[in-house]
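Quick note on labels: first sequence line is chain A, next is B, and so on, each numbered from 1. These numbers come from a predicted model, not from an experiment.
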Number of protein chains: 2
Amino acid sequence: MAKFRLDEVDHQILDILIDNTRTPFTDIAKKLQISAGTVHVRVKKMEEAGIITGSSLSIDYKKLGYAFIAYVGVFLQKTSQTKFVLERINEIPFVTVAHVTTGKFNIFCKIRAKDTEHAKQIIFELDDIEGVYRTETMISLEESLNDKKRLMHSIFKEL
Amino acid sequence: MAKFRLDEVDHQILDILIDNTRTPFTDIAKKLQISAGTVHVRVKKMEEAGIITGSSLSIDYKKLGYAFIAYVGVFLQKTSQTKFVLERINEIPFVTVAHVTTGKFNIFCKIRAKDTEHAKQIIFELDDIEGVYRTETMISLEESLNDKKRLMHSIFKEL
DNA sequence: GGTGAAAGCACCGAGTT
DNA sequence: AACTCGGTGCTTTCACC
């Protein structure tokens, strides 16, 4: 892949869109004192370069009755089973993300559930996967997301 | 907060927008055989109800040189220090999310870094926070995100 | 709560500098 | 690479169901 360099204008466009993907390009143009056409071209280039990979809604799952978050560490009988188990894990919709990790666990995943009873079912499902030796669960009592803007600003400072 | 019930139409709107927040409302209207005005009103209501909390770009951090992900478990000297330490942790931009947890760790966070050297710096920063007794790091070798649509479909089936 | 039409804007490509 | 400009299409509102 061709190396793609973002300049200050790109940074500011991302900075605005990361908080609201539907911000009109004309608004961005006004703020940055450039033309809307330029904003359009810049965004398209970042999409083509694969830096912007898409856009997504932020949903409040708590309001939908899914307030329970836990992390589950998975121990495997053999690490050679990693791929197989990972595939099985990804079939469970309530597992939102899974990682192959070094350290204590072989696989490490995050689950989103209605309540403890529901979480129990999900964890039992994980435990039941062939090759899983045992699991260890950490229940989230409080989640605090860091602002995406802060990370971006720090990244931009170094680019 | 007033209880808000989503119907089948709301589900389908979310289903489309969750993968592309810039899908024109006219396209959604055509697909669902309703008017664009209705799509507009539905989305607005879900925003007002706090179910849609915003929209965000998906960025490929790997392409920006930030390919390193790790989870760090934090042990505290006393749990009464949780709030203070959590605040300090959230000041580090490379910590993308932090949880207060039951189980092995007191606090559990995810970091995004350039490389191992950079990660080391971040972990040292975490270790340096007053009240932190020690930390334990799990490095992600492979991340696999589950499709948000799958989770939503499962949630909708039960609502 | 939904529709359809109309007014106001935004998008986005072509042509220019 | 950025600008202007114009055709096309999108959003948003509103009177009416």
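Atom-to-atom, CG of Leu17(A) to C1' of dA10(C) comes out at 14 Å; the value is rounded to the nearest Å. Rounded to whole angstrom, the span from the CG atom of Asn20(B) across to the P atom of dC10(D) amounts to 13 Å. In this structure, the CD1 atom of Ile28(A) is 11 Å from the P atom of dA10(C), given to the nearest Å. Distance, His40(A) NE2 to dC12(C) P: 4 Å, rounded to whole Å. Across the protein-nucleic acid pair, Glu8(A) atom CD and dA1(D) atom P stand 17 Å apart, rounded to whole Å. Straight-line distance from the NZ atom of Lys30(A) to the P atom of dC9(C): 9 Å, rounded to whole Å. dT11(D) atom P lies 13 Å from atom CD of Glu47(B), rounded to whole Å. Rounded to a whole Å, the CD1 atom of Ile34(B) is 14 Å from the C1' atom of dG4(C).
Close to dA2(D), at under 4.0 Å from its OP1 or OP2, lies no side-chain N or O of Thr38(A). Taking only side-chain nitrogens and oxygens, Lys45(A) comes nearer than 4.0 Å to OP1 or OP2 of dA1(D). At the phosphate of dG13(C), OP1 or OP2 sits under 4.0 Å from a side-chain N or O atom of Lys44(A). For Arg22(A), no side-chain nitrogen or oxygen approaches OP1 or OP2 of dC10(D) to under 4.0 Å. At dA1(D), none of the side-chain N or O atoms of Arg42(A) fall inside 4.0 Å of OP1 or OP2 (strictly under the cut-off).
Of the possible donor and acceptor atoms, one in the side chain of Asp10(A) sits under 3.5 Å from a partner among the backbone N and O of Asp7(A). Of the possible polar contacts, one joining the Thr53(A) side chain to the Ser58(B) backbone as a donor-acceptor pair under 3.5 Å is found.
Between Lys104(A) and Glu136(A) a salt bridge is recorded (basic side-chain N to carboxylate O distance below 4.0 Å). Lys44(B) and Glu47(B) are not joined by a salt bridge, as no carboxylate oxygen comes within less than 4.0 angstrom of a charged side-chain nitrogen.
Under a cut-off of 6.0 angstrom, the local environment of CZ in Phe84(A) is crowded, with over 12 non-hydrogen atoms contributed by other residues, nucleotides or ligands.
In this structure, of dA10(C), dT3(C), dT12(D), it is dA10(C) that holds the atom nearest to the side chain of Asp27(A). Nearest nucleotide to the side chain of Pro24(A), out of dT4(D), dA10(C), dT11(D): dA10(C).
When heavy atoms are screened at a 4.0 angstrom cut-off, Thr26(A) is found touching the sugar-phosphate backbone but no base atom.
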